[in-house]
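Here's the structure we're looking at; comments come further down.
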Amino acid sequence: MIYFDNSATTKAAPEVVDTYAKVSANYWGNPSSLHNFGEQAFNLLEQSRQQIADLIGAKLSEILFTSGGTEGDNWAIKGTAMAKREFGNHLITTAVEHPAVHNSMEQLKQLGFEVTYLPVDANGRVSADDLRAAIRPTTILVSTMAVNNEIGAVQPLAEIADVMRDFPKIHWHIDAVQGIGKGLADLIFNDRVDFVTFSGHKFHAPRGIGFMYKRQGRKIAPLMAGGGQERNLRSGTENLPAIAAMAKALRMLLTDETAKVQRQREIRLAILHHIETFAHVTIFSKDLPVFAPHILCFAIEGVRGETIVHAFEEHNIYISTTSACSSKKHVESSTLQAMAIDEGVATSAVRISLDEHNTLAEAEEFNRVFDQLYQQFAKLR
Ligand SMILES: Cc1ncc(COP(=O)(O)O)c(C=O)c1O
């Protein structure tokens, strides 16, 4: 089996599952309880928080646990809208965000907020000049992803940081769900960003757990009101087994990150340089430094994305149409649409997404199967 769908989700690591099971069995007290079982659970919660803070170079109080990327994105956006409404009603994001960001913005529009969607170039990237031009006196938030989940474009975060330094009061959120562990830490954890959101299941932690970095001093309204957990910002009894498991998964992910990233880059390029030689192949994630090392999006002209996915599945190779969220709804890729890619080509797009366990041998096997399927698909044209 070759699993090339890691941007949809990753397999939980055995060590991580082990931590989850041990914490469930042994630390079942409620971290808010005053007795010994509660105290033990609380200590483990704060140890996990400290471990994650240390791994990303943040302070203990800057790490807040969530249920994943969707909650983190909703929170950064709606929590800012609620906290900063008196200062303005304008938000800026990009035309290529994940639905967790896009649809949060659309909900806020229903409530009277104004949203600017920055256009992207042929590589799916926004321009810092467009951002600067879009900023108004009423702008309260800028939300930009680190790595696009459909084509792997890395947004120009260093240039965006330069613009944002001139507007210190505006909140800046980065959705780094696809960017963690991919050699982009310096870009993501820059000295200007205020909120960064992460999802555990994209790096071998369990589903339904994530975390948000919130710069100290920045104000955000809670979306979950209740018993006051997470420093009064996100109520609900903490999912301690998943939190401890996520801390472990993050430590494992970031160990030898450079070598792992280099290997993913080599695998990506081995496939890219093979398939680009075929006449009816269009590559969206090019061999350029502005693309992440682990995502490769391409189309085979005249063949629907679903057909390509199922054809590879017959060979035990798992890829996806451009994103797991859109694939079952048969909607066209929003990123490719924003890049003004012809609809006919966009419906033929598929995505390969790697993790640190994939190998060059798997890339070779993929290429062998690709040759075979390409011949078969010729009959469909
Ligand atoms: C860029 C991006 N943001 C947010 C999410 C949502 O994360 P979760 O599945 O943890 O809700 C995803 C998931 O695919 C994503 O790729």
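Both ligands and their constituent atoms are indexed starting at 1 by order of listing. The shown structure was predicted, so the numbers you read here are calculated from the model rather than taken from an experiment.
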Do the side chains of Lys248 and Asp18 get close enough for a salt bridge, i.e. N-O under 4.0 angstrom? no
Using a strict threshold of under 4.0 Å (side-chain N to carboxylate O), is an ion pair present between Arg132 and Asp166? yes
Taking only heavy atoms of Gly68, which atoms of ligand 1 are found under 4.0 Å from at least one of them? 10 (O)
Should the proximity of Lys202 to ligand 1, defined as any heavy atom under 4.0 Å, be assigned to the side chain, the backbone, both, or neither? side chain
Side-chain donor or acceptor of Ser353 paired with backbone N/O of Ser7 under 3.5 Å: yes
So if I count the atoms of ligand 1 from 1 in the order they appear, which ones are less than 4.0 Å from some heavy atom of Met145? 1 (C)
Counting from 1, what ligand 1 atoms have a heavy atom of Asp73 closer than 4.0 Å? 3 (N), 4 (C)
What atoms of ligand 1 come closer than 4.0 angstrom to any heavy atom of Asn149? 1 (C), 16 (O)
Mind checking whether Ser199 has an N or O less than 3.5 Å away from an N or O of ligand 1? yes
Electrostatic pair Glu257-Lys260, nearest N-O below 4.0 angstrom: no
Is the ring centre of Phe198 less than 6.0 Å from the ring centre of Phe211? yes
Charged N-O contact under 4.0 Å between Arg49 and Glu62: no
Ligand 1 atoms nearer than 4.0 angstrom to some heavy atom of His201 are 8 (P), 9 (O), 10 (O)
